[in-house]
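One-based numbering along the sequence shown.
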Amino acid sequence: MHLPHAILAGLLPLVLIASPASASAALQDETPATLEDLDFESAVSRAERLQKFLVILWVEGADSPGEAAVRKAVFDDEGVKAWIDENAVAVRIDTKKDKDGARRNPIKRYPCVDILDFVRGGRVGRLTAQDRATDFLATVYGATAESGTAGKPEGEAAKEPFRWLAWANTRYRSVEPQGRRDAVNGYTWCLRRADDFRPGFRSRYLEFILERISTAKMDAPEAVDILMAEANILAQRMLQGLGNRQTAYDFVRVNRWRRQDLETRDLFLELAGRGARQEEARRWLLPAALPVLGRYQQYDAILDEITDEATAIFASRIASLRASSTLALDAEAEPAAGEAAGPEVIAPLPFSVPDSRAQIIEEASWAYEALLAGGRGADARELFELIHTAFPVPKTFGLFMERAIRLELWLLVAEIGDIGMSTVDARGQKRIQRLLAKIPPPTDGSDDDR
């Protein structure tokens, strides 16, 4: 079966097509990707003259936060480099220097990556700092002239997920009224059938596929029903005790794109008391369910799940986050003789959206509120100490203060505020001061020390 070069480039990092020669070439080509510093007008002129795509890494300032991570995650990938070498001009644009380029390309968060097409016109896609090489390659499948003219996969080609992905991408960018509906059809095939022919395809491209189906719903209303059906399929697997960690993860991500986190909470509650496999699923759903349970003050449901392990649960997440960071080179080292083993480190699922400091802080704050509401002040204090020691940032103190405010525990609000004021910078102190101002003035004979 013949595959367009753009698709073959994407297969390289998947190791789905391999040979001794290609493996040797990959080992020899480990040089970092080169992005020339240009202004937007010059970059466009070069891409138009060469009739190539334009790939732009947008940064804000010489030391743009996150730039190194995007270069490593996207531009240093062999498949991305192979595609760029053949199909694109790749540049880095500093919007502090090129203000006109920034004005013509409004950007909400830096860094980000634009892929522009000067043959067919328009933007192929925009990647955020959270995206990876997988997302880049998924975006450009079908964008080249050779693969972009291909029709709907038929015959033997209908068994090749990359053909479907390329066709769906092509139809997604079409101006025809039927374009987005065809695209949803192609992406749905990838969601439901791709693993039959290329195991692991679904998890590798899940986030991209869900995003595309979700964003097509205005032109293809059936996208809403497709995502709802997918959520129901995954929920039934877990209710029947047939799901695993990947099933729970997929369910959470589908509901995130549907903006239906309440359904994640509902399944978390429904799984209670159904058996060991269902209890395991509840544990994997807990992080996504916590904020919703907390907002609705369903404290008993939280406490029933975390029991007396709140600090251990979040210590494990902190350890896992550090272990996955390139800054924690010794995170997986064996403990020395006589040294107690640290918290459990749980490896992330392949191609999953990474856990983050912000998520850990927010979810821990809801567990903290539940512990306080349940009269477990000592456990709540222990959890707070763990989080503010690991992440001594304004977000930590602000969220934990907000949780205490919800319960009107004013002495705790003041205590957390005092610790925060002595820890964070002047900007962070302003947020804390605004929260401290919510403490009501004392009244004679009042006692809020609960």
Side-chain angles (χ1 to χ4, degrees), residues 3-13 25-26 28-62 64 66-129 131-150 165-166 169-170 172-173 208:
L3 294 178
H5 181 81
I7 296 177
L8 288 174
L11 295 178
L12 291 175
Q28 292 174 6
D29 186 12
E30 295 181 348
T31 56
T34 301
L35 302 174
E36 186 173 356
D37 282 289
L38 289 177
D39 59 54
F40 182 67
E41 186 175 346
S42 300
V44 169
S45 176
R46 181 177 299 180
E48 288 180 331
R49 176 167 46 84
L50 297 175
Q51 286 292 282
K52 288 194 171 188
F53 293 85
L54 176 59
V55 177
I56 304 172
L57 171 59
W58 295 100
V59 300
E60 190 177 31
S64 182
E67 178 182 350
V70 171
R71 283 178 175 269
K72 181 181 174 85
V74 177
F75 292 98
D76 288 357
D77 178 84
E78 297 303 329
V80 172
K81 287 195 286 186
W83 188 87
I84 288 176
D85 285 346
E86 179 160 339
N87 299 293
V89 171
V91 301
R92 173 189 183 274
I93 298 179
D94 181 350
T95 55
K96 284 193 173 181
K97 293 181 179 178
D98 184 9
K99 295 183 179 179
D100 182 61
R103 180 183 57 79
R104 294 165 64 184
N105 299 271
I107 296 168
K108 293 182 179 178
R109 290 187 178 181
Y110 294 90
C112 69
V113 178
D114 270 345
I115 307 165
L116 307 178
D117 183 354
F118 289 100
V119 176
R120 297 175 60 199
R123 179 189 287 138
V124 178
R126 170 171 284 181
L127 278 62
T128 69
D131 291 323
R132 300 292 182 265
T134 297
D135 304 287
F136 182 101
L137 292 170
T139 303
V140 299
Y141 288 144
T144 59
E146 181 181 1
S147 56
T149 56
L165 187 59
N169 281 350
T170 302
Y172 185 86
R173 297 179 60 216
F208 176 82

Heavy-atom pair with the smallest gap, counting every atom of Val80 and Ala133: CG2-CB, 3.7 Å
Find the distance between CD1 (Ile93) and CG (Asn105) and round it off to the nearest 0.5 Å. 7.5 Å
When you compare the side chains of Thr95 and Asp98, does any donor N or O come within less than 3.5 Å of an acceptor on the partner? no
Kindly check if the number of other-residue, nucleotide or ligand heavy atoms within 6.0 Å of CD (Glu48) is above 12? yes
Residues Arg132 and Asp77 bridged, charged N to O under 4.0 Å: no
Could you tell me which residues satisfy salt bridge (charged side-chain N to carboxylate O under 4.0 Å, His left out) with Glu36, sequence neighbours excluded, listed by chain and number? Arg46
Between Thr170 (side chain only) and Ala166 (backbone N and O only), is there a donor and an acceptor less than 3.5 Å apart? yes
For the residue pair Ala90 and Ile84, what are the closest heavy atoms and their distance? CB-CG2, 3.8 Å
Quick one: does Asp94's side chain have a donor or acceptor within less than 3.5 Å of a partner on Gly61's backbone? yes
Run the side chain to side chain contact (heavy atoms under 4.5 Å, CB included) test on Phe136 and Asp131 for me, step by step, so that the C-alpha distance in whole Å, both residues' side-chain angles and the decisive distance to 0.1 Å come before the verdict. CA-CA 8 Å; Phe136 182 101; Asp131 291 323; over 6 Å; no
If you take all heavy atoms of Phe208 and Thr139, which pair is closest and at what distance? CE1-OG1, 3.5 Å
Looking only at heavy atoms, what is the nearest atom pair of Phe75 and Lys81, with distance? O-CG, 3.1 Å
Which heavy-atom pair separates Ala88 from Trp83 by the least distance, and what is that distance? CB-CZ3, 3.8 Å
Can you establish whether the number of heavy atoms outside Arg123 located under 6.0 Å from its atom CZ is more than 12? yes
Rounded distance (nearest 0.5 Å) linking atom CG of Asn87 with atom CD1 of Ile115: 11.0 Å
Restricting to non-hydrogen atoms, name the atom on Ile107 and the atom on Cys112 that form the minimum distance, rounded to 0.1 Å. CG2-SG, 3.7 Å
Could you give me the CA-CA distance, side-chain angles and deciding distance for Val59 and Arg92, then say whether side chain to side chain contact (heavy atoms under 4.5 Å, CB included) is met? CA-CA 7 Å; Val59 300; Arg92 173 189 183 274; 3.5 Å; yes
Walk me through it: do Leu116 and Ile56 pass the test side chain to side chain contact (heavy atoms under 4.5 Å, CB included)? CA-CA 8 Å; Leu116 307 178; Ile56 304 172; 4.0 Å; yes
Test Asp39 against Lys97 for side chain to side chain contact (heavy atoms under 4.5 Å, CB included), laying out the working first. CA-CA 8 Å; Asp39 59 54; Lys97 293 181 179 178; over 6 Å; no
Walk me through whether Asp114 and Trp58 qualify under side chain to side chain donor-acceptor pair (under 3.5 Å). CA-CA 8 Å; Asp114 270 345; Trp58 295 100; 3.0 Å; yes
With sequence neighbours left out, the residues meeting salt bridge (charged side-chain N to carboxylate O under 4.0 Å, His left out) with Arg104 are Asp100
Please say which of Val55, Val89, Leu57 ends up in a side-chain contact (heavy atoms from CB on, under 4.5 Å) with Leu35. Leu57
